[in-house]
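These notes concern the structure reproduced below.
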Amino acid sequence: MPRPSPASPLLSLPGAVPAEAPDEGVAAHYGDLFREQRALADGSGFVDLSHRGVVTVTGPERLSWLHLLLTQHVSDLPPGQATEALILSAHGHIEHALSLVDDGETTWMHTEPGSQEALIAYLESMKFFYRAEVADRTDEIAVVHLPAGSIAEVPEKVVVRETAHGRDLFLPRTDLESFAADHGPAIGVLALEALRVEAHRPRLGLETDHRTIPHELGWIGTAVHLQKGCYRGQETVARVHNLGKPPRRLVFLHLDGSEVQLPPHGTPVRLASDGEEGRQLGFLTTSARHHELGPIALALVKRNVPVDAPLMAGTTAAAQEVVVEP
């Protein structure tokens with residue numbers, strides 16, 4: 001079993017409601033989900049992501065070594081430039097998704113909660129004679145997310161990973177409570193998840209299963225660099241890109257707002273015209289309540305599902321928007 005990250009001290013803040021799997025250890029919300037979403041969308045507050053795994057790689061050959069293992073081109077990654085990368089199986093299936101930045105001396109990455117031990121085991125098994133050292137920093141470093149547009153000042157000597165969606169801070173875990181006092185309001189992970197779904201951004205373990213390949217989720221170009229080779233699973237990536245189409249595709253769903261409960265992860269997706277007894281064409285991956293759009297979701301469906309076909313997620317009517325072209 002993966003070792004869980006330490007529970008966040010911010011769960012003691014007023015109104016904090018603990019999150020459920022896969023985000024145990026931090027707050028789902030602090031009492032007002034839509035207010036927290038609006039604040040996040042406006043560039044205010046911060047999200048406690050201290051349950052995510054944190055791994056560092058040091059040594060003079062760290063980038064050239066990682067370049068051989070990852071789907072991303074990182075051999076010449078400039079200090080401070082954020083990127084994302086995958087680790088694939090020999091058959092091209094996604095095993096790890098990494099959010100990276102290098103500070104000139106150390107490559108920092110955060111991963112899905114509890115996945116850091118398996119990631120480190122794989123990296124160590126591939127080290128051979130390269131001068132690179134891998135370390136699990138989860139117990140001492142917490143990830144904190146500042147939204148796009150935030151004007152919050154970052155504490156000195158804190159490594160920052162800046163993207164179009166905001167800034168991820170690698171903050172000493174002992175500074176979490178003082179950071180919260182200075183940079184509130186604290187915002188739960190459900191608000192961040194709703195904005196992730198709105199932005200059609202996949203997440204490992206939710207939008208993926210044991211046979212997902214990067215093309216199905218739109219990770220080609222963002223997490224997979226097509227002009228590099230020499231990594232495990234590269235042959236599958238090249239073959240599907242050059243000669244074929246992926247078997248499934250990610251879609252965005254507008255869900256029927258009259259339903260009281262959101263359909264959970266794994267809910268079967270079918271053609272609405274076929275009803276509840278129809279053939280399953282995919283599964284719902286993440287659902288959320290959005291402060292403007294109402295109930296929304298992502299789903300992974302067969303590539304040949306008509307793009308204009310009304311769908312059903314379980315018993316919930318769903319209208320689809322294309323994320324990955326069929």
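To the nearest 0.5 Å, atom CD1 of residue Ile187 and atom NE2 of residue His29 are 13.5 Å apart. The line from NE2 of His67 to SG of Cys230 is 7.0 Å long, rounded to the nearest 0.5 Å. Atom CZ of Phe283 and atom CZ of Arg270 lie 14.0 Å apart (nearest 0.5 Å).
Environment of CD1 in Ile151: sparse, with no more than 12 heavy atoms of neighbouring residues, nucleotides or ligands closer than 6.0 Å. Heavy atoms from other residues, nucleotides or ligands lying under 6.0 Å from NZ of Lys245 number 12 at most. More than 12 non-hydrogen atoms from other residues, nucleotides or ligands lie less than 6.0 angstrom from CD of Glu321. A 6.0 Å sphere centred on CD of Glu61 holds more than 12 heavy atoms belonging to other residues, nucleotides or ligands. Residue Glu124 places its CD atom among more than 12 non-hydrogen atoms of other residues, nucleotides or ligands, all under 6.0 Å distant.
For the pair Val251 and Leu298, the minimum side-chain heavy-atom distance is 4.5 Å or more. The closest side-chain heavy-atom distance from Glu207 to Thr286 is below 4.5 Å.
Between Ser50 and Ala142, the shortest heavy-atom distance links the atoms CB-CB, 3.5 Å.
Between Glu193 and Arg203 a salt bridge is recorded (basic side-chain N to carboxylate O distance below 4.0 Å). Under a 4.0 Å N-O distance rule, the pair Glu133/Lys127 qualifies as a salt bridge. A salt bridge between Glu162 and Arg167 is absent, with no side-chain N of the basic residue lying under 4.0 Å from a carboxylate O of the acidic one.
Side-chain rings of His183 and Phe46 stay apart, their centers remaining 6.0 Å or farther from each other.
Screening Leu204, Asp209, Thr71 against Ile94 for a side-chain contact (heavy atoms from CB on, under 4.5 Å) leaves a single residue, Leu204.
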| said: Checking His93 against His210 for the ring-ring contact (aromatic ring centres under 6.0 Å, His included) test, could you report, in this order, the C-alpha distance in whole Å, the side-chain angles of both residues, the deciding distance, and whether it holds? | reply: CA-CA 7 Å; His93 301 138; His210 66 284; 7.3 Å; no

